[in-house]
There are 2 protein chains.
Amino acid sequence: MFKSAPSREHDAEARRERLLKAAAAVFAKDGFEKASLRAICLKAKANVAAVKYYFGSKDGLYREVFLSICQESMKEDAPVTLAEGGSPEETLRRWIHYLLDHALLKRTKNPVMSQIMAHEMREPTPCLNEFIKLIFRPFHQELERIIAAVMGRRAVDEDCVLYCHHIIGLCLHYDHCRVFVDRLGPPVPKTETEVLRLADNIADFVLGALVSRRATKSKPASRSKKKP
Amino acid sequence: MFKSAPSREHDAEARRERLLKAAAAVFAKDGFEKASLRAICLKAKANVAAVKYYFGSKDGLYREVFLSICQESMKEDAPVTLAEGGSPEETLRRWIHYLLDHALLKRTKNPVMSQIMAHEMREPTPCLNEFIKLIFRPFHQELERIIAAVMGRRAVDEDCVLYCHHIIGLCLHYDHCRVFVDRLGPPVPKTETEVLRLADNIADFVLGALVSRRATKSKPASRSKKKP
DNA sequence: CCTGTTTATAAACGCATGTTTAAATCTGCT
DNA sequence: AGCAGATTTAAACATGCGTTTATAAACAGG
């Protein structure tokens, strides 16, 4: 006893899909708060009440968008991993390039995902927890393993996790504070080759840091360099 | 022929001051967009129309708040500089600690300034340019000089500026993406000693990186490590 | 004391938001 | 054909915002 005939079902599905697609675009551009249902429905050629009908509320719509782009993102490009072969150093370099590519050149691969993630980091929504669990944590953990490998440690320890934050923050800064960076130094990369250059600069910087910290273990008690 | 009698003058000034103070607090908490005039006036025990009367508009009020906290911030704690003595490395360590202190422990020193700056970086307002010119650029340039000193260079070059961005991004990440860091690793420091620990970790990391890059000049052409 | 200017306040304006209602339309089944 | 249920739509609702207006109060000078 299926709900309705195929023809209508098709129309409904098409409308739902249109709404979802329009919503994804607008949410990506403006973020959850600033995106308006009217703008979305205008783009989808649908009535505002359709949102309530199909998704219950603005929150529901956003959640659906989130889920759809999640599973779309899953099957797309796998993030950089150690398993692909190559030295840990080269893997880290590729990882940094990958992150920077997504953060700065959002047009590549899955632009909607990149933009929505950026918004989610600026002002978290109720989807934050799922976002972290499904998308961010696996990504983060792979970097932790890469760092542990670069540092020659058998397992991921607290230092690796911290360095992981350092690196991600360093990269995302060029996106989050784009307007500041642009005004205070060489402009933020806008082409693939420029991004590659920056990625290499960052990779050199980070590898230098990690290698220099390779020897130290757990508690280096650093603060005591006051003229020995 | 001064405009009015002292008693009235005093009241008016007091009201203006109350508004300014309340506005600073609310802007600091919510940022420019989300802060509402009604909330500000409620806190200042003033009428909403008073904002138009004294400051012309919400923008005008924000601009006044910005100017007032600027000159307040000028005379307060001078940022860390090379001139204070000590090795460049130690100066850099202190600089990082100083930034982290302001970013994470906003209650210290000038909380309003720190918070408003954080908001300004997230979503810039029309005051952005003045903000950069008056506050951010001098701060940034001092870091550039420190880095140049650490790297033993005679003048600030493009690499120094980039490293500067790296370091600032690395530090601010713990504030901007606090909620992410909290969920993915050791929680973001909340006490002075914790902040000091993190600052030392970051300083060690950064110094390692800078020292390792000390030898290289201008164009290291890094990308060519593909199995020699 | 009256008068005109400055200051203060309450109320309304115009707009935009997410949500909801209630009526209209369409569809499939009997 | 006709009915019942699903879908669509336009309109209204409730709320919040920054801004504006019109009126009342406080004050200064003639």
Side-chain angles (χ1 to χ4, degrees), chain A residues 1-27 29-66 119 123 125-127, chain B residues 1-27 29-66 119 123 125-127:
Chain A
M1 203 68 71
F2 297 133
K3 319 186 71 170
S4 50
S7 75
R8 177 71 100 100
E9 186 81 326
H10 173 272
D11 281 346
E13 199 62 25
R15 180 180 304 273
R16 232 189 87 105
E17 209 59 37
R18 253 201 347 266
L19 261 171
L20 223 51
K21 193 159 179 167
V26 177
F27 281 139
K29 186 164 73 69
D30 299 332
F32 177 73
E33 296 257 355
K34 297 195 78 177
S36 90
L37 291 186
R38 281 167 176 85
I40 292 171
C41 291
L42 191 75
K43 197 182 185 80
K45 290 195 240 300
N47 191 282
V48 278
V51 170
K52 177 190 169 67
Y53 187 78
Y54 283 108
F55 306 99
S57 66
K58 189 187 184 186
D59 291 58
L61 174 57
Y62 184 78
R63 175 160 252 107
E64 288 279 338
V65 167
F66 160 71
H119 281 297
E123 43 180 354
T125 73
C127 285
Chain B
M1 201 68 70
F2 297 136
K3 319 186 73 170
S4 52
S7 75
R8 178 74 98 100
E9 187 82 324
H10 173 272
D11 280 349
E13 201 61 26
R15 181 181 305 272
R16 232 189 86 105
E17 210 59 37
R18 247 195 358 260
L19 260 171
L20 224 50
K21 193 159 180 164
V26 176
F27 281 139
K29 187 164 73 68
D30 298 334
F32 176 74
E33 297 258 355
K34 297 195 77 177
S36 89
L37 292 185
R38 284 168 174 85
I40 291 172
C41 292
L42 191 77
K43 196 182 185 82
K45 289 195 240 301
N47 191 282
V48 278
V51 170
K52 176 190 169 71
Y53 186 79
Y54 283 109
F55 306 100
S57 66
K58 189 187 182 184
D59 291 58
L61 174 57
Y62 184 78
R63 174 159 254 106
E64 287 280 337
V65 167
F66 160 70
H119 281 296
E123 43 181 354
T125 74
C127 286

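Chain naming here is simple, since letters A, B, ... match the order of the sequence lines and numbering starts at 1 in each. Basis for what follows: all heavy atoms, side chains included, without hydrogens, waters or symmetry-related copies.
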Decide side-chain contact (heavy atoms from CB on, under 4.5 Å) for B/F55 and B/L19; before the verdict, give the C-alpha distance in whole Å, the side-chain angles of both, and the deciding distance to 0.1 Å. CA-CA 10 Å; B/F55 306 100; B/L19 260 171; 4.0 Å; yes

If the cut-off is 4.0 Å, is [X] near the phosphate of [N], judged by side-chain N/O to OP1 or OP2?
X	N	value
B/K52	D/dT19	no
A/R15	D/dA6	no
B/Y54	C/dA8	yes
B/N47	C/dA10	yes

What is the distance, rounded to the nearest whole Å, between atom [atom1] of [X] and atom [atom2] of [N]?
X	N	atom1	atom2	answer
B/L19	C/dA8	CG	P	10 Å
B/Y53	D/dA24	OH	P	18 Å
B/R16	C/dA8	CZ	P	12 Å
B/R38	C/dA12	CZ	C1'	11 Å
A/L61	C/dT19	CG	C1'	14 Å
B/D59	D/dC17	CG	P	16 Å
B/F55	D/dG18	CZ	P	15 Å
B/K34	D/dT15	NZ	P	19 Å

For side-chain contact (heavy atoms from CB on, under 4.5 Å), just list the numbers for B/L61 and B/Y54, CA-CA rounded to whole Å, side-chain angles, deciding distance to a tenth of an Å, and then say yes or no. CA-CA 8 Å; B/L61 174 57; B/Y54 283 109; over 6 Å; no

Nearest heavy atoms of B/V65 and B/L20, plus distance in Å: CG2-O, 3.9 Å

Taking all non-hydrogen atoms of both residues into account, name the closest pair between A/K45 and A/R18 and its distance. O-NH2, 3.6 Å

Is the positively charged end of B/K58 above the ring of B/F27, judged by distance under 6.0 angstrom from the centroid and angle within 45° of the axis? no

Output the single nucleotide from C/dT17, D/dT19, D/dT21 whose closest atom is nearest the side chain of B/A49. D/dT21

With the side chain defined as heavy atoms from C-beta on, B/K58 is closest, among D/dG18, C/dA8, D/dT7, to D/dG18

5' priority, DNA chain D, between A/V48 and B/A39 [closest heavy atom]: A/V48

Determine the contact category for A/A35: base if any of its heavy atoms lies under 4.0 Å from a base atom, sugar-phosphate if only primed atoms, P, OP1 or OP2 are that close, otherwise nothing. sugar-phosphate

